[in-house]
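Quick notes on the structure that follows.
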Amino acid sequence: MALNIYSGSQGIVYMNNIAVASIRSFSLEETQEVIDATTMNTSGVAFRTNKPTFKSWSGTVDVFWTVDENADPLTADVTEGGASLVPGSTEVTLHFWPNGDNSHHLGYTGNALITSRTISSSVDGMIEASVSVIGTSAIATENAA
């Protein structure tokens, strides 16, 4: 059985159907919570019994910091092709494509809230922004058309 190994250089993230530009990297984490359902055991060594409960997902999107050059510099904020990367209470729809969105590629989609943004700058590097999100609905797989 042959396995394909892919380069991440074709990865794309869409926020509300707008491609996030200047993307450097992204991550997507799915988690499964468990509860301890262990009972007392009088024979032998007891092993813990764990039961699954809630699933969740979160992610980060790392980009080069860009500001619209036509915007007022005193009020401009980080946007990527019109996709606002500012924390807030507005739910966004995200599409993560690890290998691009060409025909038959596998991706992931879900609704999320932007929970934080970090902007970093160094003397020997580009200004970058890292945006964290947390899912508000189940993450689903999708295939590019």
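Looking only at distances, no side-chain donor or acceptor of S132 sits under 3.5 Å from a matching main-chain atom of S116. Distance alone, capped at 3.5 Å, places no donor-acceptor pair between the H95 side chain and the V13 backbone.
Between I114 and P87, the closest side-chain pair of non-hydrogen atoms falls below 4.5 Å. The side-chain heavy atoms of F96 and V61, taken from C-beta on, include a pair separated by under 4.5 Å. Side chains of T49 and D36 form no contact here, defined as non-hydrogen atoms less than 4.5 Å apart. Side chains of T93 and T109 form a contact here, defined as non-hydrogen atoms less than 4.5 Å apart. Taking 4.5 Å as the limit, some side-chain heavy atom of I127 sits within range of a side-chain heavy atom of I119. The closest side-chain heavy-atom distance from V20 to V63 is below 4.5 Å.
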Trace of the side chain to side chain contact (heavy atoms under 4.5 Å, CB included) decision for Q32 with F54:
CA-CA 6 Å; Q32 170 72 62; F54 300 106; 6.0 Å; no
Yes or no on side chain to side chain contact (heavy atoms under 4.5 Å, CB included) for L113 and V133, after CA distance, side-chain angles and deciding distance?
CA-CA 5 Å; L113 292 172; V133 299; over 6 Å; no
I would like to know whether D101 and Y14 meet side chain to side chain contact (heavy atoms under 4.5 Å, CB included); could you show each step before the answer?
CA-CA 10 Å; D101 59 354; Y14 288 91; 2.6 Å; yes
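Shown here for V34 and P52, the closest heavy-atom pair between the two residues is CG1-CA, 4.2 Å. Shortest non-hydrogen contact noted between G107 and P98 is CA-CD, 4.3 Å. Across A112 and T136, no two heavy atoms sit closer than the pair N-OG1, 3.6 Å.
Interatomic distance, W65 CH2 to S121 OG, rounded to the nearest 0.5 Å: 9.0 Å. The structure places CZ of F64 at 4.0 Å from CZ of R24, a figure rounded to the nearest 0.5 Å. With rounding to the nearest 0.5 angstrom, the OG atom of S9 is 8.0 Å from the CG atom of N99. Distance check: T31 OG1 to W57 CH2 gives 11.5 Å after rounding to the nearest 0.5 Å. Atom CZ of residue R117 and atom OG of residue S130 lie 11.0 Å apart, to the nearest 0.5 angstrom. Atoms CG and CD1, on N111 and I134 in that order, are 13.5 Å from each other to the nearest 0.5 Å.
Neither side chain, E128 nor S120, offers a donor N or O lying under 3.5 Å from an acceptor on the other.
By the rule that hydrophobic residues join a cluster once side-chain heavy atoms approach within less than 4.5 Å of another member, F26 and L94 end up as members of one cluster. Under the 4.5 Å side-chain heavy-atom criterion for grouping Ile, Leu, Val, Met, Phe, Trp and Tyr, I18 is not connected to I12 through any hydrophobic cluster.
Counting heavy atoms of neighbouring residues, nucleotides and ligands inside a 6.0 Å radius, atom CD of Q10 does not exceed 12 of them.
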